[in-house]
Amino acid sequence: MFFVIGSNMTEAHPVAATFVKDAVLRGARLILVDPRRTGLADFADLHVPIRVGSDVAFLNGVMNVLVTENLYDRAYVESCTVGFEELKNKVLEYPPERAAEISGVDAGTIRAVARRVASVKPAMLMYTLGITEHICGVNNVLSCANLQMLLGNVGFECGGVNPLRGQNNVQGACDMGALPNVFPGYQRVDNPQARARFEAAWGVEKLPEKPGLMIPGMIDGLVSGKVRAFYVFGENLANTEPDIRHVEHCLASAEFLVCQDIFPTETTRFAHVILPAAAWSENEGTFTSSERRVNRARSVSVPPGQARPNWWIFKEIAKRMGHSWESNSAREIWDNEVSRLAPSFAGIRYARLRGDGLQWPVPDEKHRGTSYLHKDGCFTCGLGVLKPVDWIPPAEVPDEEYPLVLSTGRRLYHYHTRTQTGRSEGLNDLLSEETADISRADAEALGVAHGERIRVRSRRGEVVVRANVTPRVPPGLVWMAFHFREACANWLTNPAYDPLTQTAEYKACAVRIERVT
Amino acid sequence: MADTFRLNGKDVEFKPGQTILEAARERGVEIPTLCHLKKATPTGACRICLVEVTGSRNLVSSCSTPVVEGMVVLTDTERVHRTRKMIVELMLGSGRHDCMVCEANGNCRLQDLAYRYGIAEPRFQPAETPYPVEDENPFIVRDFSRCVLCGRCVQACNEVVVNRAISQGYRGSKSKIVTGGDEPYHRSECVFCGQCVEVCPVGALTEKKARGKARDWETEKVRTTCPYCGVGCQLRLHVKDGKIVKVTAVEEAEPNKGRLCVKGRFGYDFIYSEDRLKTPLIRENGGFREASWEEALDLVASRFREIIARYGPDAVAGVSCARSFNEDSYQMQKLFRAVIGTNNIDHCART
C-alpha cells in the first residue's frame, strides 16, 4: 500500500515511480493525494484532489476517522509514541465534514481514505515538495508523521514517511552540514561538545555557536547590509527563489558576490568574481540519495580550461586566509575527516563504496548499513512524538483581483533552471517552452484556447506564456514550472516562508490570467 | 524430499514454479536466450531457448515452460542445435542484418548467435521491411529492418518501467512494434526513458546521440551516480577517448535495478557544452575579464578578510550546492565555520 501525497513522481522522480507502478501491477494499492491528476493517478485506487494548501485539514480529517472509528494501531501508539491524547483532541476538531469543507473533497472520500489506508499494513507514505513548499511545510510533514505513527507504520520495511529528495545530493549537502545549525552528521552548532570536537579536528580555537542565516535571510541581508559578502556555489538563485524581481534587486546590492559554477547563469551576472568549477564526471566524489545511500560518482572526463574541483577551490581560499588543510582529494576528505567526525558515517570509507554503496547510519566498518530507520517502532529519539497541528491557509489566497491559485513544480524533460538539461542535446526539442497548465473550465470562462499566449499576473510580476488546457488540472488552479527564464513561475511566486525552515510557499499564490491581445 | 527433474541425464533439484531455463541456469547449464527479459512475463517469442522434453512432440521454449516433477529435459542435442541454428537463420533472413554498418555490432545477441552457430552465408534472401527508419525524435532511432520482433522492448515498456507506450502491432509479415496509433515516438505516449533501447538485443533500437561515436568494444564502461534527482540511479558511462558517448543503466544495481529516465540516460552531454566557464572571471568596467586562479583567489580571500575585519564574520554568507559532491559541501561549510567564523552556510535543503 502506498500513500503518496504532494509528489508528481512520474515527472520529478521517474525511476522511483516505475517501482510504485510495478508494485501496483502486482497488486499493491495506491492512494494518491494531489490537487492535480498527475501521472500516478492513472494507477491509483483512489485519487484525492485536495485543494492546494489544505493538507493538514485533510490529514487531520483522515486521522479523525481513524480515531473515531477505532481504526488506528492502539498497541503501537501506546508502546511506541507519546502525545496521543493531545493529537486525539486536535483531530477531533476536524470531523470529515469540516475537513471536507477546507480540502474540497467530500466527507465520504475522507472516510474511505482512512478506512483503506488502515486496511493494509504497513503502508508506505511518500511525499515531495507538495508537502514542504508551504508556509506550513513543517506542519504538513508533522501531519504525515502523525498519520503514519497512528497507523503503526513507522519502523518497517515498506512503511515509514519517505520524502523524495529533488536533487541528487540535497540529502548529502544536509548530511555534510551545509546548514546553518548543524555540523556534518547533524551535530548541533549550539552543542559545546560538538563544537569542541570540530575545534580539535579543524585546529581552530572557537567555532561560532549561534546558528546562522538561511537562504532568504541571506538574500534579504544583502539589502539591509547585514550580509556584505555572499558566496553562491552552484545555485542559480536569480531563477530559483520566489519573486525574481526582488531577488535580483538583492543580488545587485551585494557588496561582494562570489559565484562558483560550471556555467554562466542569471545569478553569475551579479558576481564580482566567478570561479569555474569541474563538473559531474570531471572529478571524484560521493553523492547521497533520498534513501541515505552514499555512493560514488567517478571521473571520466577532463574539466575544460582552468576549471578545478570545488573542494580544491575552497581549500585554496582557506589557505589564503591562513588555514592549511591537509586533505588533498575527495577521498582523503571523506576518509580522514567526514567519517571520523560524524558518527553516522563512521563506517563508510571509500574502500567500502563499491557496488551499491552504503545507507547511513553506518556506525562502524563492519556495519552493512541501515535500509530503514526506527526499526519496529523503536524511534531513534526514544518514543515517537505525535504532535497536534492546526490547519492554516496559504499566505496568499485567491480574491477578486487574483482569483486563481498558482502552484509550481518540475516537468519531466527539464531540471531546475535548465543549466544542465538546456545544454544536453535533445531535451529542448522535447520541451522547448514553459506553459501555464489550466483547466478546461477556466479556459472556457476566460475564452482562452489551448496553445494561446496568455498573461499570468501576480502581485509580484507577470509572464506571457502559452496556455496548456488539460484535464489534469482542476478548475481554479494554474500550474507552472521554473525551467525557462522568460516564463519562469518565480516571477510570480510569493516570498512567504515557513517560520521554522524558511521554505518558500512555491506551491500557492494568487494570480489572474489575461488574454494577450 | 526436494522436487527433482532429469536434466541432460542427471537428476537435479528445482524449486516449484521455476522455468526450465531458470532451473538449468541455476545448475550452470547454459541455454541461449534472446527475447527473455528477467522479471517480466516470459513470452517464448523468439524460440531460441528451445529444448527437448521427453514425451513432447515439439521442442519447448525453456523460458516459458515450468519444470514439473520427473520431467526429462535435454538441452544439448543435435536436434536442439539444428533447430536453434534454423531459427537464427530465419531471423537473419527476416530483415537487414548487415553488421558492418550496424550500431549494435559487438553488442548484439543475434550476431553472437550467428557466430556461435557458424552461419557464414545467409540461407534465406533477406525480406524487405515495409517500414522506414524512424529517427525524427532526438534520442531513439527505430530501425524496423533490424527488428526481430522479440518483444523485449514491449515487455520493458509495459512491465518494467510501466510507461505503456508500445505494443505488438499488425500481423504476419506486417508485424511491427507500435505506439498507440502507430505514431512516431515523439508524437506518442513515449517519455523517452530509453528502456526499450536498453533491452533491445539487436540494432533495431539505438541511441541517436551515440550514432557513429564508438564501437562497443572501444568504450570503457565506468559506473557512476546520476547527476539529476535524488533517486541516485546507477549509470554506466560508455567512455571513449575521455568522452562519454552513451549512458546505460547498471543492471541489478540498487536503487534503480537497470532502469533510467530521460534525463539520466540522455542528459549527460551538458558537461561538453561550449558555454562552460573555463577560466576565473573578475568584474571590471561593467563586464568580466579573464583572470588567473592566483589573482581570483587572492581577491576573494582579501575581500573576505576586509569585510570580516570591518563588519565581523557574520557579514559573510554562503550557499552550497545540492548537486555537487558531499566532499564539496563539507569543504564549504568548513571554510565558513573554521576559517570565516560564521554559521551562515545553507543550501536549498528544503526546496
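Chain A is the first sequence line, chain B the second, and so forth, proteins listed ahead of strands; every chain is numbered from 1.
Neither the backbone nor the side chain of A:Gln260 comes within contact range of chain B, judged by heavy atoms closer than 4.5 Å. In this structure, the portions of B:Glu294 lying under 4.5 Å from any heavy atom of chain A include both its backbone and its side chain. Only the backbone of B:Cys226 comes within less than 4.5 Å of a heavy atom of chain A; no side-chain atom from C-beta onward does. Heavy-atom distances place no part of A:Lys319 under 4.5 Å from chain B, backbone and side chain included. Of the atoms belonging to A:Lys226, it is backbone heavy atoms, and not side-chain ones, that fall under 4.5 Å from chain B. Proximity to chain A (any heavy atom under 4.5 Å) is shown, for B:Leu335, by both the backbone and the side chain. Both the backbone and the side chain of A:Glu235 come within less than 4.5 Å of a heavy atom in chain B. Only the backbone of A:Arg269 comes within less than 4.5 Å of a heavy atom in chain B; its side chain stays farther off. The contact between B:Val231 and chain A is made by backbone and side chain atoms together, counting heavy-atom distances below 4.5 Å. Using a 4.5 Å cut-off between heavy atoms, A:Val182 touches chain B through its backbone atoms (N, CA, C, O) alone. If you measure heavy-atom distances from A:Val300 to chain B, the contacts under 4.5 Å come from both the backbone and the side chain. With a 4.5 Å cut-off on non-hydrogen atoms, B:Arg164 touches chain A through its side chain but not through its backbone. Looking at B:Lys240, neither its backbone nor its side chain comes within 4.5 Å of chain A, counting heavy atoms on both sides. Interface residue A:His13: backbone and side-chain heavy atoms are both found under 4.5 Å from chain B. For A:Leu164, no part lies under 4.5 angstrom from a heavy atom of chain B. Contact of B:Tyr330 with chain A is made through backbone and side chain together, with heavy-atom distances under 4.5 Å. Residue A:Asp175: no heavy atom, backbone or side chain, is found under 4.5 Å from chain B. Of the two parts of A:Val273, the backbone and the side chain both hold a non-hydrogen atom closer than 4.5 Å to a non-hydrogen atom of chain B. Residue contact with chain A, scored on non-hydrogen atoms closer than 4.5 Å, is absent for B:Asn137.
In terms of non-hydrogen atom pairs under 4.5 Å with chain B, the most contact-rich of A:Trp311, A:Phe263, A:Phe183, A:Phe43 is A:Phe263. Options A:Lys315, A:Glu284, A:His414 differ in how many heavy-atom pairs under 4.5 Å they form with chain B, and the most are formed by A:Glu284. Chosen from B:Val300, B:Ile340, B:Ile282, B:Val250, the residue pairing most often with chain A at heavy-atom distances under 4.5 Å is B:Val300. Ranking B:Gly232, B:Gly267, B:Ser324 against chain A, the residue ahead of the rest is B:Ser324, based on heavy-atom pairs under 4.5 Å. Ranked by heavy-atom pairs under 4.5 Å with chain B, the first of A:Ala297, A:Pro14, A:Gly422, A:Gly305 is A:Ala297. Heavy-atom pairs under 4.5 Å with chain B were tallied for A:Leu222, A:Val204, A:Asp429, A:Ile215; the largest tally goes to A:Ile215. Taking B:Gln234, B:Lys243, B:Arg223 one by one and counting their heavy-atom pairs under 4.5 Å with chain A, the maximum is reached by B:Arg223. The greatest number of non-hydrogen atom pairs below 4.5 Å with chain B, out of A:Thr240, A:Thr10, A:Val232, A:Ile313, is found for A:Ile313. Heavy-atom pairs under 4.5 Å with chain A peak, among B:Ala301, B:Ala317, B:Pro138, at B:Ala317. Highest contact tally toward chain A, considering only B:Pro313, B:Pro280, B:Ser302, is held by B:Pro280 [criterion: heavy-atom pairs under 4.5 Å]. Of the listed residues (A:Thr419, A:Asn283, A:Val338), the one with the most heavy-atom contacts under 4.5 Å to chain B is A:Asn283. Heavy-atom pairs under 4.5 Å with chain A peak, among B:Val316, B:Ile271, B:Asp275, at B:Asp275.
Side-chain atoms of B:Thr225 and A:Asn168 include no donor-acceptor pair closer than 3.5 Å. With no hydrogens or angles considered, no side-chain donor-acceptor pair links B:Asn343 and A:Asn181 at under 3.5 Å.
Each of B:Leu260, B:Val161, B:Val160, B:Val162 was scored for a side-chain contact (heavy atoms from CB on, under 4.5 Å) with A:Thr18, with one residue passing: B:Val161.
Using a 4.0 Å cut-off between charged nitrogen and carboxylate oxygen, B:Asp314 and A:Lys210 count as a salt-bridge pair. In summary, B:Lys257 and A:Asp356 do not engage in a salt bridge, as defined by a charged side-chain N under 4.0 Å from a carboxylate O.
For the atom pair A:Trp334 CH2 and B:Glu327 CD, the distance stands at 6.5 Å (nearest 0.5 Å). Atom CG of A:Leu412 sits about 6.5 Å away from atom SG of B:Cys261, to the nearest 0.5 Å. Summarising the geometry, atom CG belonging to B:Asp328 is positioned 7.5 Å from atom CD1 belonging to A:Ile333; distances are rounded to the nearest 0.5 Å. To the nearest 0.5 Å, the span separating OG1 on B:Thr342 from CG on A:Leu213 amounts to 7.0 Å. The NZ atom of B:Lys263 sits 8.5 Å away from atom CG of A:Leu427, with the distance rounded to the nearest 0.5 Å. Rounding to the nearest 0.5 Å places CD of A:Gln167 at 4.5 Å from CZ of B:Arg323.
A:Trp202 places no side-chain N or O within donor-acceptor distance of the main-chain N or O of B:Lys334, the cut-off being under 3.5 Å. For B:Arg305 (side chain) and A:Arg320 (main-chain N/O), a donor-acceptor pair under 3.5 Å exists by modelled atom type. In this structure a side-chain-to-backbone donor-acceptor pair under 3.5 Å is missing from B:Lys278 to A:Pro276. Under the 3.5 Å distance criterion, the side-chain polar atoms of B:Arg283 are left unmatched by any main-chain donor or acceptor of A:Ile274. Side-chain N or O atoms of A:Arg165 include one that pairs as donor or acceptor with a backbone N or O of B:Ala349 at under 3.5 Å. Checked by atom type and distance alone, the side chain of B:Asp269 pairs as donor or acceptor with a backbone atom of A:Glu425 at under 3.5 Å. Formation of a donor-acceptor pair under 3.5 Å by the B:Thr224 side chain with backbone atoms of A:Arg298 is found in this model.
Between A:Ala173 and B:Cys321, the shortest heavy-atom distance links the atoms CB-O, 4.3 Å. Heavy-atom minimum distance, B:Phe288 versus A:Thr268: CZ-O, 3.4 Å. Closest non-hydrogen pair, B:Asn256 versus A:Phe19, comes out as O-CZ, 3.5 Å.
Below 30°, between 30° and 60°, or above 60°: for B:Phe304 and A:Tyr231 the angle between ring planes is between 30° and 60°, a tilted geometry. The aromatic rings of A:Phe287 and B:Phe325 lie tilted to each other, with the angle between the two planes from 30° to 60°. Using the six-membered ring where Trp is involved, B:Phe270 and A:Trp280 have ring planes that are parallel, under 30° apart on the 30 and 60° scheme.
Relative to the six-membered ring of A:Phe198, B:Arg337 misses at least one condition, a distance below 6.0 Å or an angle of at most 45° to the axis.
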Between A:Glu282 and B:Arg276, does a salt bridge (Lys or Arg N to Asp or Glu O under 4.0 Å) hold up when you go through it step by step? CA-CA 13 Å; A:Glu282 293 171 352; B:Arg276 283 288 299 276; 2.8 Å; yes
